[in-house]
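Quick notes on the structure that follows.
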Amino acid sequence: MEETDSRRPVIAITGASGYIGRNLMTELKKHADIIALSRNIETKENEEHVTWRSCDLFSLKDAEQALEGADYALYLVHSMMPTSKLTQGRFEDMDVILADNFARAAEQKQVKQIVYLSGIIPEADRLSRHLSSRLEVENILKSYRTPVTAIRAGLIVGPQGSSFPILAKLVKRLPVMILPKWTQTKTHPIALADVLNSLQKSIGEESLYNRSIDVGGPDVMTYRKMMGITSKVMGKKRYAVTVPFFTVRLSRLWVSVTTGTPKSLVYPLIESLIHPMVADPAKSVKGISDGKISFQEAAENSLKESRKEQSSILARLKPAPVERNVRSVQRVTIPNGRDADWAARYYIKWLPKLLRPFVKVETTDRYQYGLRPAFMKRTFLELSYSKERSEEDRALYYITGGLLAQVNEGERGRLEFRKIPHTNQCIVAVHDYVPAMPWYFYQYTQAFIHLWIMNRFKKHLEKDQWTLRSSLQLQPES
């Protein structure tokens, strides 16, 4: 990164409390001012050249405030771990919301460049969920006017993170390793230090704008080979037996149980191991793609660092306090030519038809709706359409009252419809909803009913695409 004047550049880092974000921040603050973004900053203190900002990227308003004053932004976020007490939905659908909010905010705040740490995308007819999500996020970030540089890495060898610590735990805990067929798949590991170098050199480099760059270390090897080297570094003698019938589905459960790693993290990673993850020379850039640290050296450094920082790592891995809220995210397909605002208005018209004669929808004024049982006068849910925060590709209702909702000052329960750029798919999401009924009763009644409704809405749209295209005549509201 080159400075064009005497002013230090301002760089916003999402996931600044994560292990890549922390290490990158240490390097960047030597010559830049850092805006460190994290959901929970209660224990964080500002320091010279580092300002912490609380940011929930599920909120577009938060994302806009977080990027105020930033010249460049690093996107290091993935949503495989839940952030609400009850999370309904797939991580890849949540990644869509996070990336779209971030890209919209970057465009509005005139950020010069987004640098995104992605994964190597192999040539394959069908990608795993994890890699497919990485590519979708990349495409969403590139759908707005801010230039994007995607740094695509395979297995990152560092003391924390996800992939290498899981591999190290397997080697440490299993004297005899029963290895599935996928452990013969080639991968291109890269040391954490080399990844940090690639990210740092990409910031502000205009020749890399709107490019995807593969990075990797000097070694290409199989997972079996990596396990062998790791056992050698640990000084442990391990025996490996390849079992061809050990499926990916069974492997992911076995890895989760053996390492004690949550399924939500392990499953998507293991599913990706069927793909060769080797950097493509056609997507390389000299000085950025070519990591210098060998796998063995990176493993030695990583294990040494892990032992040194074990107590502080355990402290950081303690789960953050989970608020009593709900996030529910589903993906639906809308008719060609329709947008998110159409989907939002159509949903309000469709819902009472599904639930008749038990539920009615009342319009209290042009932008407020109340759902109530047919036999009661009081509403059980009130929705207020936010004209100021809505547009064609994103429609927003705030949950403002009703018997089923707990609405307190400062809370932002909302129902959101968001069209995925360049597709006819739409994300329907409930954010930060706090139920009024007792939690366990809510979980097995209202939460279950909401999923059932969304599943019916999805099937209705898929089944009646032709009917909707030809007969639905909803006009945009003025």
Side-chain angles (χ1 to χ4, degrees), residues 1-5 7-16 20-21 24-25 27-29 31-37 53 55 57 60 62-78 95-121 131 133-153 195-215 279-280 282-290 391 393-394 418-423:
M1 179 181 63
E2 297 181 2
E3 298 180 39
T4 56
D5 52 43
R7 184 180 70 88
R8 292 167 65 96
V10 180
I11 303 174
I13 304 178
T14 62
I20 292 179
L24 187 59
M25 187 163 56
E27 296 300 318
L28 290 177
K29 70 182 181 182
H31 51 78
D33 291 333
I34 306 299
I35 300 172
L37 306 178
R53 291 182 186 173
C55 177
L57 282 178
L60 177 57
D62 268 23
E64 291 168 349
Q65 294 171 349
L67 292 181
E68 184 69 47
D71 296 313
Y72 306 97
L74 284 112
Y75 191 74
L76 309 175
V77 173
H78 299 288
D95 270 339
V96 167
I97 299 172
L98 300 175
D100 196 58
N101 277 340
F102 190 78
R104 287 171 182 264
E107 180 182 77
Q108 191 206 49
K109 297 302 178 181
Q110 298 183 335
V111 172
K112 298 175 184 177
Q113 178 197 24
I114 295 172
V115 178
Y116 168 47
L117 180 57
S118 184
I120 290 177
I121 308 298
L131 295 178
S133 177
R134 292 286 182 103
L135 181 59
E136 184 174 48
V137 165
E138 189 175 315
N139 290 334
I140 289 170
L141 293 174
K142 291 178 178 178
S143 296
Y144 297 87
R145 287 196 290 266
T146 306
V148 176
T149 302
I151 299 298
R152 295 175 170 180
V195 170
L196 298 179
N197 176 69
S198 300
L199 292 170
Q200 191 171 355
K201 285 187 175 180
S202 299
I203 300 171
E205 181 54 61
E206 294 187 13
S207 65
L208 304 182
Y209 285 6
N210 296 317
R211 291 185 61 181
S212 299
I213 302 163
D214 285 4
V215 300
D280 182 353
K283 296 185 178 72
S284 68
V285 174
K286 188 175 181 180
I288 290 180
S289 298
D290 44 354
E391 49 190 310
D393 289 339
R394 178 179 178 264
R418 181 190 302 260
K419 189 171 183 290
I420 302 176
H422 311 305
T423 74

Electrostatic pair Glu68:Lys109 at N-O distance under 4.0 angstrom
yes
Please report the shortest heavy-atom distance between Tyr144 and Ala103, naming the atom on each side.
CD1-CB, 3.4 Å
Taking Leu74's backbone N and O only, do any of them form a donor-acceptor pair with Thr14's side chain (distance below 3.5 Å, no angle check)?
yes
For the residue pair Leu28 and Leu199, establish whether any side-chain heavy-atom pair is separated by less than 4.5 Å.
no
Taking every heavy atom of Tyr75 against every heavy atom of Asp95, the minimum-distance pair comes out as OH-O, 4.4 Å
Not counting sequence neighbours, which residues clear salt bridge (charged side-chain N to carboxylate O under 4.0 Å, His left out) with Arg394? List them please.
Glu416
Determine whether a donor-acceptor pair (N or O, by modelled atom type, separation under 3.5 Å) exists between the side chain of Ser289 and the backbone of Asp214.
yes
For Arg152, enumerate each residue passing the salt bridge (charged side-chain N to carboxylate O under 4.0 Å, His left out) test, keeping only those at least two apart in sequence or located in another chain.
Glu138
Polar side-chain atom of Asn210 near backbone of Pro147 as donor-acceptor pair, under 3.5 Å:
no
Between Thr149 and Gln113, is there a side-chain donor-acceptor contact under 3.5 Å, judged purely by atom types and distance?
yes
Would Arg418 and Asp393 pass as an ion pair if we require N to O under 4.0 Å?
no
So does Leu57 get a backbone contact from the side chain of Asn101, meaning a donor-acceptor N/O pair under 3.5 Å?
yes
Between Lys419 and Glu391 (salt bridge meaning N to carboxylate O under 4.0 Å), is one present in this structure?
no
Give me the atom names and distance for the closest heavy-atom approach of Ala279 to Ile120.
N-CD1, 3.7 Å
Side-chain contact, heavy-atom cut-off 4.5 Å: Val137 with Val96?
no
Please find the pair of heavy atoms, one from Ala66 and one from Ile35, that lie closest to each other, and give the distance.
O-CG2, 3.7 Å
In short, Ala12 meets Leu67 closest at the heavy-atom pair CB-CD2, 3.6 Å
Looking only at heavy atoms, what is the nearest atom pair of Ile151 and Ser202, with distance?
CD1-OG, 3.3 Å
So does Asp100 pair up with Arg104, basic N to acidic O under 4.0 Å?
yes
